[in-house]
Amino acid sequence: MTTLSQLEHTGAFIERHIGPSPAQQEAMLNAVGAASLSELITAIVPADIQLPGAPAVGDPLTEHQALAELKAIASRNLRYKSCIGMGYTPVLTPPVILRNMLENPGWYTAYTPYQPEVSQGRLEALLNFQQVTLDLTGLDIASASLLDEATAAAEAMAMAKRVSKLKNANRFFVAEDIHPQTLDVVRTRAETFGFEVVVDKAARVLDHQDVFGVLLQQVGTTGEVHDYIADP
């Protein structure tokens with residue numbers, strides 16, 4: 001007689017799993033000289049980290065039951081407000097951007113047979129972002145990438161040196177309230193290039209000579225917002 005638990009078909013995930021067949025597993029085990037997967041694992045995994053037995057994961061669940069259990073576990077997470085500063089601040093994403101960009105599958109759906117990956121949609125999104133930046137700022141050039149802020153600052157330093165008309169200048173000015181993680185990366189990159197990093201108050205930037213670039217933090221690492229046009 002078939003029970004209700006058998007009708008739930010808890011083995012559906014195993015059936016959907018795409019992996020080597022028993023014959024393929026045997027062929028691979030023969031190739032490495034192991035009689036079974038257990039013997040292979042015992043030979044490879046150090047004994048001090050092997051479990052004495054199978055983990056107690058409980059009875060198998062259906063997909064619906066597993067999702068419900070995961071949601072119940074996730075609901076116990078507590079969300080706290082971070083006050084550490086250093087650039088880690090809440091971000092308000094406009095719904096028009098959220099829906100038409102981040103939640104739009106057109107950006108991450110493979111639409112060419114020769115490159116079935118997210119990179120093409122991502123590159124198109126970056127291109128559009130660069131164009132919007134040009135339109136809003138009136139700049140001659142804008143760049144967008146997936147770099148973090150610290151790495152982007154180091155790349156900007158290198159670019160500033162390449163385009164600087166002061167060919168003999170070898171000093172890069174950094175405002176003293178820059179995020180510490182940004183300053184660490186800039187200093188590391190500057191060391192490889194042979195640049196000198198000068199850290200001082202932003203208002204004193206003109207007091208330093210032979211500077212080929214300046215890095216300012218609009219919102220300082222303590223949360224202070226700067227208006228560099230108004231500042232003396």
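Being a predicted model, the structure only gives us computed values, none of them experimental.
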Counterpart residues, side chain to side chain contact (heavy atoms under 4.5 Å, CB included), relative to Val185 (two or more places apart): Ala150, Ala154
Just by modelled atom types, is the Ala203 backbone N or O under 3.5 Å from a matching donor or acceptor in the Tyr228 side chain? no
Which pair of non-hydrogen atoms, one from Met86 and one from Pro180, has the smallest distance, and what is that distance? SD-CG, 3.4 Å
Using side chain to side chain contact (heavy atoms under 4.5 Å, CB included) as the criterion, list what pairs up with Leu147, not counting sequence neighbours. Ser145, Thr151, Ala152, Glu155
Listed partners of Thr182 passing side-chain hydrogen bond (donor to acceptor under 3.5 Å, both in side chains), at least two apart: none
Donor-acceptor pair, distance only, cut-off 3.5 Å: does the side chain of Asn170 make one with the backbone of Asp210? no
Are there over 12 heavy-atom neighbours, none belonging to Lys71, within less than 6.0 Å of that residue's NZ? no
Could you measure the distance from the CD atom of Glu69 to the CG atom of Leu61? Nearest 0.5 Å is fine. 5.5 Å
Please check if Val199 and Phe212 belong to a single hydrophobic cluster, counting links between Ile, Leu, Val, Met, Phe, Trp and Tyr side chain heavy atoms closer than 4.5 Å. yes
Can you list everything that forms a salt bridge (charged side-chain N to carboxylate O under 4.0 Å, His left out) with Glu39? Sequence neighbours excluded, please. none
Tell me the closest heavy-atom pair linking Gly220 and His226, and the distance in Å. N-CD2, 4.2 Å
Pairs of donor and acceptor atoms involving the side chains of residues 25-33, under 3.5 Å and at least two apart or interchain, shall be tabulated with distances.
from	atom 1	to	atom 2	distance (Å)
Gln25	NE2	Pro20	O	3.3
Asn30	ND2	Glu26	O	3.1

Answer yes or no: does atom CG of Asn168 have more than 12 heavy-atom neighbours from other residues, nucleotides or ligands under 6.0 Å? no
Those residues that, when tested against Glu196, pass salt bridge (charged side-chain N to carboxylate O under 4.0 Å, His left out) (two or more places apart): Arg171
Less than 4.5 Å apart, side chain to side chain, heavy atoms only: is that true for Val174 and Val198? no
Residue among Thr42, Ile41, Leu40 satisfying side chain to side chain contact (heavy atoms under 4.5 Å, CB included) with Ile44: Leu40
Contacts of type salt bridge (charged side-chain N to carboxylate O under 4.0 Å, His left out), residue Asp148, not counting sequence neighbours: none
Side-chain contact test, heavy atoms from C-beta onward, threshold under 4.5 Å: evaluate it for Lys161 versus Phe195 and give yes or no. yes
Measuring from Leu126:CG to Thr133:OG1, what's the distance to the nearest 0.5 Å? 10.5 Å
same_hphob_cluster(Met157, Val163) at 4.5 Å side-chain heavy-atom cutoff: no
For Gln217 and Glu149, test the side chains for any donor-to-acceptor distance below 3.5 angstrom and give the result as yes or no. yes
Those residues at least two apart in sequence (or on a different chain) that pass side chain to side chain contact (heavy atoms under 4.5 Å, CB included) with Gln209 are none
Gap between atom CG of Asp184 and atom NE2 of His179 - 0.5 Å precision: 12.5 Å
Taking the side chain as C-beta and beyond, is there a heavy-atom pair between Phe172 and Val186 under 4.5 Å? yes
Would you give the length of the straight line joining atom CD1 of Ile178 to atom CG of Leu215, rounded to the nearest 0.5 angstrom? 3.5 Å
Which atom names give the shortest non-hydrogen contact between Ile141 and Leu134, and what distance separates them? C-CD2, 3.5 Å
Separation between NZ of Lys201 and CD of Glu176, rounded to the nearest 0.5 Å: 4.0 Å
If Ile, Leu, Val, Met, Phe, Trp and Tyr residues are connected whenever their side-chain heavy atoms lie under 4.5 Å apart, and connections chain through other members, are Ile97 and Val91 in the same group? no
Hphob cluster co-occupancy, Leu136 + Leu139, side-chain heavy atoms under 4.5 angstrom: no
Shortest non-hydrogen separation from Ala160 to Gly213 and the atoms involved: CB-CA, 4.3 Å
Treating Arg99 as the side-chain partner and Glu103 as the backbone partner, does any N or O pair qualify as donor plus acceptor under 3.5 Å? yes
Can you pull out every side chain to side chain donor-acceptor pair (under 3.5 Å) where at least one residue sits in residues 54-63? Sequence neighbours excluded, please. Thr62-Gln65
Arg204: what forms a salt bridge (charged side-chain N to carboxylate O under 4.0 Å, His left out) with it, not counting sequence neighbours? Asp200
Would you say Ser75's side chain and Ala72's backbone share a donor-acceptor pair under 3.5 angstrom? yes
Residues two or more places apart in sequence or in another chain: which of them pass ring pair (Phe, Tyr, Trp, His ring centres under 6.0 Å) with Phe173? His208
Return the set of residues passing ring pair (Phe, Tyr, Trp, His ring centres under 6.0 Å) with Phe129 (not counting sequence neighbours), or none when no residue passes. none
Under 3.5 Å: donor-acceptor pair, side chain of Asn77, backbone of Ala74: yes
